[in-house]
Every structure is written in C-alpha cells, then in structure tokens.
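Quick notes on the structure that follows.
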Amino acid sequence: MGMRMETAETSAAPYVGRNVPRGDGAAKVNGTARYIDDLTMPGMIFGATVRSRVPRGILREVRLLPDFDWSGITVVQAADVPDNVVALIEDDQPILAAREIRHCYEPVVLLSCADPERLLRAVAAVTLVIDELPPVLTMGDSLSRKAVIHGGDNVQKSYAINKGDIALGRAEAEVVVSGSYSVHHQEQLYIEPQGVISFWDEDGVHVLGSLQCPYYVHKALKRAFALEADRVHVVQTVTGGGFGGKEEYPSIIAAHAALLAKKAGQPVKMIYGRQEDIEATTKRHPATVRITSGARRDGTLTSLEIDILMDGGAYVTLTPVVLSRGTLHATGPYRCEHVRITSRALATNTPPNGAFRGFGAPQTIWAIERHMDRVAQRLSLDPVELRRRNLMVLGDVTATGQRLTESVGGESCLRAAMESSGYVARRAAYDGQKTVTTADGRRVRRGIGASVFFHGAGFTGSGERRLKGRVRMDLREGGGLTIRTASTDIGQGTETIFRQLAADAAQIPMERVVFEQPSTTRAPDSGPTVASRTVMVVGSIVHSTAKEIRERVRGQAAALLGLPVAEVADAPGRGDEDFAAGDRTVTFVTAAEALLKREPDTFALHQYEPPGQNQWDDDTYTGDAYPVYSWGCDVAQVEVDVDTFET
C-alpha cells in the first residue's frame, strides 16, 4: 500500500494555522547556516576592546607599552570618533570613554590587527591611568546620593499611575499585607555572542552582524559618523538568539568595528568571547518592588500600592521603556478599583542594563505573583483560588483605565493549566507535608505552585501609530513574491511565519515566497524586532501587502480576459491561486508574467495602520496601553533537597 506525504511546500493554502517546515531549519540543522563568525572578507583583520577595570573614575592617560611592537596595529580612541555618542533615547553614553569612567568594562580603546593572538597581546600592552572615585553600586547608594552620576538625583526616569481613591481602598480592606520583592541581574545567554563585520567603500559604511534591529544600528552609525542615510548599510546575518540582548547593544560593537575599519582601511571583524559578552553587555534590570495590598476576607482586592525601583546602570539605554512596561504590568492580571503605582529607574556605576524578554514586565509580574501567595497565606486561601477570584474578565478596567473588550484569556488559561497539571490533587497530597525521605535516602520537601500573567503586545500607547512600520513586497518572475522587511528572524521563526502569511494572502504556494535577508539598504523600516509586535503588527502589514499584489495580478488577469475586474473571481477547485470568469481561467503565473512585462518593477509598499482609535495620554499614563494582551498560566512542581539545597 502506498502513501503520499503532503508537505507545506506542495499542499494548497491555507498555511496559517498548521505546522509547516521551518524555512531556515535545514541549514541550521545540517550546519550550513552562515553565522557572522563563519564569514570572511579579503584583507579582513580583527578588532578588540580595551576596557576599564574600575567602576568610576577620571581617565588621565592611555599608555601604550613602549617595548611592544605596535607596527600593523590600529589604535582608536575617543578623539577619533566624529560624534562620540551612542544614539538611542538619550545622548548620555559615549562610544568610547574620553574622560569620565562610569562603569567596569567601559570601552576606552579599540585595537585591530591581522593576527588574533597578537591582538590579545596588544590589549594587554595598554594601560589605562584612571583616578578612581567612590562608586555607586547599589540602588540604595543611588537613592542616598552617595555620588551624583545622573542629573541631580540619579533618577533616570519615573512614572506614576493612579486609579480610584487609594484611601477609600485602604478603608475597605479587612486584611492588609505588605512585602518587598527583589530581582537581580539576568544574562540573556544567547548561544551566539555579539559579533559584527564592518568595512567602508565608495557607498559608505557597511555593517553585517548578529542583531535584532538593523535600523537601530543604522541610526547610531549615521550619528556617530555624521553620514546621510544612504551612506549607511546594515545587514542582519543569521543570528543565534537575541532575547533583547541584541536589540540596542549591537549599535556599540558596530560603531567600534566601523571606527577601526575606517582608520585601518580594511574590513574588521569583532566577535566577543563569552566572558567579555557576559561582563560588558546589557542585562535584565535588577528591581525592588514594594507592595502593600488591601483585601476583604473573601480575597477581593480593595487596594494596591506599588513602588518600583529599577537599576538602570551607568547609562539610560532603553531604561525608560523597560520601566514603563514594568509599571504598566505591576498589578498583574488582577482587577482592583483603587491603585497607586510609582516607579523610578536609578543610575549606578554598573554596566548599563537593557532589553530582555518582556523588558520590565517579568520583574513586576514576579513581584505581584509572590505577593498574591502571601495574601493567600494570610487569608488561609488556596493561592490559585485567590487568583481566580481576582482575575480580570471581559469588561474589566486596568490600572490605566483601559476597558478590556476582547481576547481576555486569564480564566481559560488558569482552568486549562489546573486540568492539565493535576494541580488540585497534587497540592492536596503536599498539604501539610514536611520533610520526606526518598528511596535513595535523600531528605526532600516538595510543593506545587502557579502563576498567572498577562503581557501587552506591541508598543505602548500610541507608539505604533507614531512608528508607522512599513513592508515592501516585490512580484517576481514565475509568480513569486519577495518580502522586504527590517523585522529579523533571531530564532523565533519570523521568516517562516511571514512566508505563511504572504502565501495565504496572495493565494500562491509558499515555496514561491522568499524572505529577503533584512537590510537597511533593501528593506523599509518595519520597526524593531521587539515588544511581541512582529507577528501582530508587521505580520499584518505583510498580509495586507500580499493581498494588494494579488489584486494587481487580478487586474492583469481581467485585462487578459477582456473583462472588468469585478467579473473576475478566484477559481476554487481549479487551482486556488488562479482566476476565473465563467468557464475561462487565467493562472496567477500567467497574469503575473504579463504584469511584469508591462511593469517590470511591480511592488507594493504598506504601512501599519492601528485598528480603531487608541486613546492614550503619555503625560498622565492613562488610556489604552496596548491594543491587546496575551495571557498565560504556569504551574511548577518543585522538590528541594533540604541538606544540599539542590532543586
């Protein structure tokens, strides 16, 4: 008996909603994918960074060891930078330190040469003469102004949200619980470290690299070298993970490589080793979240007072948006009529912190979830039951005053998690259980817990409306499409997803849709690959752009049939991609080829148009913070060895 294996590349649309082979999967599995460290260029040399080993001080001198042979080695310092600032939200971070040292591992000198081993010896032959100053290493030191390192008060950014009457909420409470919850630095630990190659030619500066946001790097290079937009070319290479760690940081390493390449007159590759990557690059912001809640004895929350401190590190980087999202998610997915949230990000003499999956929300959601466990304990309620009684549902209003009118999935996620995990039975089995001895003689304690969360998708407030992300799609010979977008695939499957969306919208086989390598030269600015916006926002532009292409091809089919467009329909059952008028049909390929003959450069360019009227006030932090939220529930069963503390 024979069997026909149907794959996504040979079967008919629709592709969205079912598994299809990853477009990048084969190359990554068989080892032929070319990551940045796999690439080389004629005459390419290697770059390295000399960094401060003290957290705060004044740079007095850079000494090059006179006994070392410096021939063939390019040296770059702050004086070599046309505009010594990393262009991002604020202009506070230098590309290379010129005088003030603000953190350990701050870049001061760049070196390059053809021999990687000699380059390492050259790094060791550089001495930084720094007058050390007392550092501000904790948020407590920053608050007490042990030293002022940002503005007049070390506060990089602050927000406040007020809903209802907090005094009334306190008065209604029968039980008040206070707690403080701290989160430390976290490293993204992408498999592939930071890396770029840069070179200059008659067209300007070029950077190829492992990165998330090509137009962030483009903006930084334009500013650093005072170049016009068309003189800066940034291409994303195959990227081995980012998780936010390759959102803003690649602007720095790209500028460093470009500076060396310009001075050396040769292509320069800079690849961080794992130690340097962990030491010098951005991390998740440490945070301390203090919560005081009021509740009735049945568990209903009456008030939430939340104070958030985040450690921004030595420079602002993306701290304002990290703190913003943390603030907006601080109440978790719970309804409460009376809320007061205050938040501040503080400067310290530690390496700057930046984006990391959820940027800000994980810190505050973790805090409210731990706090809900404490409230449940005070009320002698099961923690899941307390959550269920307070979960937001359709029609509820968030702390910013946003009424939830669709896609509210907290209850359904909680219910599904409880059923699939067997939470109730397992918790009952552990209830009151103390230390138990396992069959192999270990003394352990066991428990089970749950957390519920929501996450706003897309940029906050009117961010998407201001950004106006764009996608271009080209019609190719043979009836194919090429997607041009600056949204990058960093392992999450963007390439495949966009091809699915385009194939369905154009009603053509997915194998005829190509995802072009993201490049600032060949693709419009679709916005950064961040904030859970890629599929929802940029994917919607991909879909609408492909639909326009199909309609233009339909118009050509109508011309070939000699009929008005309104009389030409799709041809279901006779090839989903084709067009029909009565018994007469025209294939998509035939019409596309005819259109290209008439208009060789046939393409569509679409811009994101947010649905509805997003009401948001940046000054008061009130209104619709996000167009939609995703919801989830986690259950964890834990065993701890009480002697070794192994978990």
Side-chain angles (χ1 to χ4, degrees), residues 23-49 107 110-116 119-120 187-201 204-218 220-221 232-262 264 266-282 354-355 486-492 494-495 515-523 528-529:
D24 58 344
K28 289 180 175 177
V29 170
N30 67 28
T32 59
R34 304 270 285 170
Y35 294 84
I36 189 65
D37 205 20
D38 297 319
L39 304 179
T40 189
M41 297 184 67
M44 188 179 75
I45 59 178
F46 302 91
T49 312
L110 304 173
L111 304 173
S112 65
C113 75
D115 182 350
L119 182 60
L120 292 177
E187 157 69 25
Q188 295 90 349
L189 208 69
Y190 26 71
I191 295 175
E192 179 199 29
Q194 301 274 354
V196 300
I197 294 173
S198 180
F199 65 94
W200 293 73
D201 62 16
V205 63
H206 300 257
V207 167
L208 300 83
S210 179
L211 50 91
Q212 291 181 224
C213 307
Y215 275 92
Y216 276 17
V217 178
H218 188 265
L221 293 175
V232 179
H233 312 275
V234 181
V235 178
Q236 184 228 11
T237 55
V238 178
T239 297
F243 315 112
K246 292 175 183 171
E247 179 178 345
E248 81 279 16
Y249 193 86
S251 295
I252 295 175
I253 187 173
H256 289 173
L259 283 163
L260 286 168
K262 186 174 181 64
Q266 295 173 265
V268 170
K269 175 188 282 188
M270 293 190 79
I271 307 288
Y272 286 176
R274 184 62 67 186
Q275 180 173 335
E276 182 177 22
D277 202 305
I278 290 176
E279 288 176 344
T281 65
T282 54
S487 288
T488 57
D489 194 322
I490 52 176
Q492 81 280 39
T494 298
E495 173 186 335
F515 178 86
E516 181 160 295
Q517 188 174 26
S519 158
T520 59
T521 307
R522 295 179 57 80
T529 307

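Note that the numbering runs from 1 along the sequence shown for the chain.
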**Request:** Look at K28 together with D24 and state whether they make a salt bridge at an N to O cut-off of under 4.0 Å.
**Result:** yes
**Item:** Partners passing ring-ring contact (aromatic ring centres under 6.0 Å, His included) against Y215 (at least two apart in sequence or in another chain)
**Value:** H218
**Message:** If the condition is ring-ring contact (aromatic ring centres under 6.0 Å, His included), which residues does H206 pass it with, not counting sequence neighbours?
**Reply:** F199, H233
How far apart are the closest heavy atoms of [X] and [Y], and which atoms are they?
X: Q492; Y: T529; result: NE2-CG2, 3.6 Å
X: S198; Y: V207; result: OG-CG2, 3.8 Å
X: I45; Y: A264; result: CD1-CB, 3.8 Å
X: G43; Y: P267; result: O-CD, 3.8 Å
X: G195; Y: I271; result: CA-CD1, 3.6 Å
X: N30; Y: A27; result: OD1-O, 3.2 Å

Main-chain N/O of [Y] paired to [X] side chain as donor or acceptor, under 3.5 Å:
X: T520; Y: P214; value: no
X: Q188; Y: Y190; value: no
X: E247; Y: G242; value: no
X: W200; Y: A258; value: yes

Find the distance between [atom1] ([X]) and [atom2] ([Y]) and round it off to the nearest 0.5 Å.
X: Y272; Y: T281; atom1: OH; atom2: OG1; answer: 8.0 Å
X: C213; Y: I490; atom1: SG; atom2: CD1; answer: 8.0 Å
X: E192; Y: T239; atom1: CD; atom2: OG1; answer: 6.0 Å
X: T49; Y: L111; atom1: OG1; atom2: CG; answer: 8.5 Å
X: Y216; Y: L211; atom1: OH; atom2: CG; answer: 12.5 Å
X: L189; Y: I278; atom1: CG; atom2: CD1; answer: 5.5 Å

Do the side chains of [Y] and [X] get nearer than 4.5 Å, heavy atoms only?
X: L260; Y: M270; answer: yes
X: T237; Y: I197; answer: no
X: P528; Y: Q212; answer: no
X: I252; Y: Q194; answer: no

**Given Q236, K246, Q517, E495, the one that forms side-chain contact (heavy atoms from CB on, under 4.5 Å) with T488** = Q236
**Request:** May I have all residue pairs that pass salt bridge (charged side-chain N to carboxylate O under 4.0 Å, His left out) and include part of residues 267-281, sequence neighbours excluded?
**Result:** D37-K269, R51-E276, R53-E279
